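All values derive from a computational prediction rather than experimental measurement.
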Amino acid sequence: MPIIRRVTGLEILDSRGRPTVQASCELVSGVVATVSVPSGASTGANEAHELRDGDPKRYRGLGCRQAVSNINETINKALAGFAFDNQAELDASLIELDGSSDKSRLGANAILAVSLAFARACAIEQQVPLYQYFAGLQNRSAASRLPRPTINLFSGGKHAGAQVAIQDLLVVPVAAQTMDEALATVVAVFQAAADLTHERYGVRLLTADEGGLAPPFPSLDAMFEDAIEAIRRAGFEPGPDVALAVDVASSHFYQDGVYALSPQQRLSPVDMIEQLAQWLDRYPIISLEDGLAEDDWAHWPQLRARLAGRALVLGDDFLCTNPARIRKAIDANAANALLLKVNQIGTLTEASEACRIARAAGWHVTVSARSGETEDSWLADLSVGWSGDHIKVGSITQSERLAKYNRLLAIEAETRLPLAPP
Ligand code: PGA
Ligand code: ZN
């Protein structure tokens, strides 16, 4: 049974140059493990609370010194010298110690960093790969597949200065048989898209927060058409070889019952659903994330009824990896896929429960990174251990993204596991 000697925190910088939290967990056995947590920008209103210092003179208020001090002081005092049977016990102690409903006292960033550092320390102590440890949390004896990657090609919205309203247009290598082939396919499409946007818009690698290309598209249709053309130029057939996924992130352009998709298109919820259905008619889209706003509960069931069977109706800000919201959405028939972001809920145990509930309802699970990431690759292991259908890590550029893809390549080489079906 692992006994914690101490936990320590450190404020580090994420891929946007904003502070985030790193934690180390040292066990009495001598094992030490370190983990970094990511941070979003297009965050849901119902996420667990990320503690920030709020001092405008330092990192524009985004400092994490308080969260780090909570690890070094309060959390360390509560955990040091104690043995924990398993992850659930450790996480329950953290939740109890925090005592708030949204982890705002100690900070979800502090709590998750410790939850994950303990996980990595246990994996080292048990001498199992991290993905195997994660599989154990879901009572799986072994990992059985690798998630299929869905990879940002073009970005807009909050990740790219809102030149178009929707946040991400992703490509999905549906015909690829291996992770290696999947990544090679997407790199070819990305390079074709970079050449195309250079020709068409005169900009080269103008990239967004997650590494997607972000040229000044004149319209949303231009963005879709350019993606289709890039897939063709790379030698693939749009649809059977490489499909599309969209993160509409519509909460960010929704207000008072209106979806402001563009200055000319101010749509009612019903018209927005029709617009999404039209995109599905015109383009090979297999997954549609946050097609409606996070609290538009009245219309999500209609969205699902209209689109299910044709594309995944995927909830990100809508569900916030929150077991209570997922249960409510299942009861309301409001979606059929979960975007799983561990830091939206704040501990591994709760995220695992969210994943379990979604799966029990027959839903699909897309494991996701955040727009502010670090060089840590634990998410790749988690996506394999929890048998994600898809993984969404951003583009195929920038090392905070590549750290995850490279880890997936290493896991593939080690295990020869198959890719999940599209
Ligand atoms: P975030 O966005 O990490 O900035 O919240 C990612 C997403 O919306 O999927
Ligand atoms: Zn999203």
Side-chain angles (χ1 to χ4, degrees), residues 15-16 41-42 149-176 182-250 252-253 259-267 275-289 291 311 371 392-398 401-402 405:
S15 52
R16 274 190 284 249
S42 152
T150 65
I151 300 185
N152 285 29
L153 187 66
F154 295 137
S155 292
K158 283 214 160 188
H159 290 170
Q163 84 286 28
V164 285
I166 66 177
Q167 186 169 288
D168 296 303
L169 182 54
L170 305 98
V171 287
V172 190
V174 288
L183 297 185
T185 301
V186 174
V187 169
V189 174
F190 187 90
Q191 287 170 340
D195 292 345
L196 185 151
T197 53
H198 183 42
E199 282 166 36
R200 200 155 283 172
Y201 307 104
V203 287
R204 254 195 69 74
L205 290 171
L206 184 61
T207 58
D209 286 2
E210 297 184 356
L213 298 161
F217 297 111
S219 66
L220 278 168
D221 281 316
M223 176 159 150
F224 283 116
E225 297 294 347
D226 287 353
I228 296 295
E229 189 174 335
I231 293 169
R232 287 216 175 93
R233 282 197 195 185
F236 299 104
E237 173 137 11
D241 290 337
V242 179
L244 301 178
V246 183
D247 183 1
V248 186
S250 63
H252 304 293
F253 55 84
Y259 288 89
L261 198 49
S262 71
Q264 300 77 35
Q265 281 178 293
R266 295 174 51 79
L267 307 178
Q275 175 64 72
L276 298 172
Q278 277 179 29
W279 288 342
L280 259 58
D281 291 339
R282 297 220 295 271
Y283 309 111
I285 296 169
I286 63 165
S287 174
L288 200 62
E289 177 180 339
S371 51
K392 178 181 176 228
V393 176
S395 190
I396 194 75
T397 61
Q398 304 181 181
R401 316 283 149 196
L402 273 302
Y405 295 128

So how far is it from [X] [atom1] to [Y] [atom2], rounded to the nearest 0.5 Å?
X: L153; Y: L169; atom1: CG; atom2: CG; answer: 6.0 Å
X: T197; Y: M223; atom1: OG1; atom2: CE; answer: 12.0 Å
X: T397; Y: E210; atom1: OG1; atom2: CD; answer: 10.0 Å
X: L288; Y: L280; atom1: CG; atom2: CG; answer: 6.5 Å
X: D221; Y: Q278; atom1: CG; atom2: CD; answer: 9.0 Å
X: L267; Y: L261; atom1: CG; atom2: CG; answer: 5.5 Å

>> Quick one, F224 with I166, criterion side-chain contact (heavy atoms from CB on, under 4.5 Å). Give me CA distance, side-chain angles, the key distance, then yes/no.
In response: CA-CA 11 Å; F224 283 116; I166 66 177; 4.2 Å; yes
What heavy-atom pair brings [X] and [Y] nearest, and what distance separates the two atoms?
X: S15; Y: R401; result: OG-NH2, 3.7 Å
X: S395; Y: N152; result: OG-O, 3.2 Å
X: L170; Y: D247; result: CD1-N, 4.0 Å
X: V172; Y: L244; result: CG2-C, 4.2 Å
X: Y259; Y: G291; result: CE2-O, 4.5 Å
X: G394; Y: Y405; result: O-OH, 2.9 Å

> What do the steps show when you test F190 against V171 for side-chain contact (heavy atoms from CB on, under 4.5 Å), and what is the final call?
Replying inline: CA-CA 9 Å; F190 187 90; V171 287; over 6 Å; no
> Is it true that K392 and E289 make a salt bridge, defined as a side-chain N closer than 4.0 Å to a carboxylate O?
Replying inline: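 Counted as a salt bridge, because a side-chain N and a carboxylate O are separated by less than 4.0 Å.
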Heavy atoms, side chains only, cut-off 4.5 Å: are [X] and [Y] in contact?
X: V174; Y: V242; result: no
X: I396; Y: P149; result: no
X: D241; Y: T185; result: no

> Is the closest side-chain donor-acceptor distance between E225 and Y283 under 3.5 Å?
Replying inline: yes
>> Between S155 and Q167, do the side chains contain a donor N or O and an acceptor N or O under 3.5 Å apart?
In response: no
> Step by step, would you call L276 with I285 a side-chain contact (heavy atoms from CB on, under 4.5 Å)?
Replying inline: CA-CA 10 Å; L276 298 172; I285 296 169; over 6 Å; no
>> I'd like to know whether CZ of R200 has more than 12 heavy-atom contacts from other residues, nucleotides or ligands below 6.0 angstrom.
In response: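 Above 12, so yes.
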> Quick check: are there more than 12 heavy atoms from other residues, nucleotides or ligands sitting under 6.0 Å from CZ of R266?
Replying inline: no
> For D226 and Y201, what are the C-alpha separation, side-chain angles and deciding distance, and is it a side-chain contact (heavy atoms from CB on, under 4.5 Å)?
Replying inline: CA-CA 11 Å; D226 287 353; Y201 307 104; 2.6 Å; yes
> Would you call the rings of F217 and F154 parallel, tilted or perpendicular if under 30° counts as parallel and over 60° as perpendicular?
Replying inline: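 Taking F154 first and then F217, their aromatic rings stand perpendicular (interplane angle over 60°).
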> What residues, two or more places apart in sequence or in another chain, satisfy salt bridge (charged side-chain N to carboxylate O under 4.0 Å, His left out) together with R16?
Replying inline: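 Salt bridge (charged side-chain N to carboxylate O under 4.0 Å, His left out) list for R16, sorted by chain: D209.
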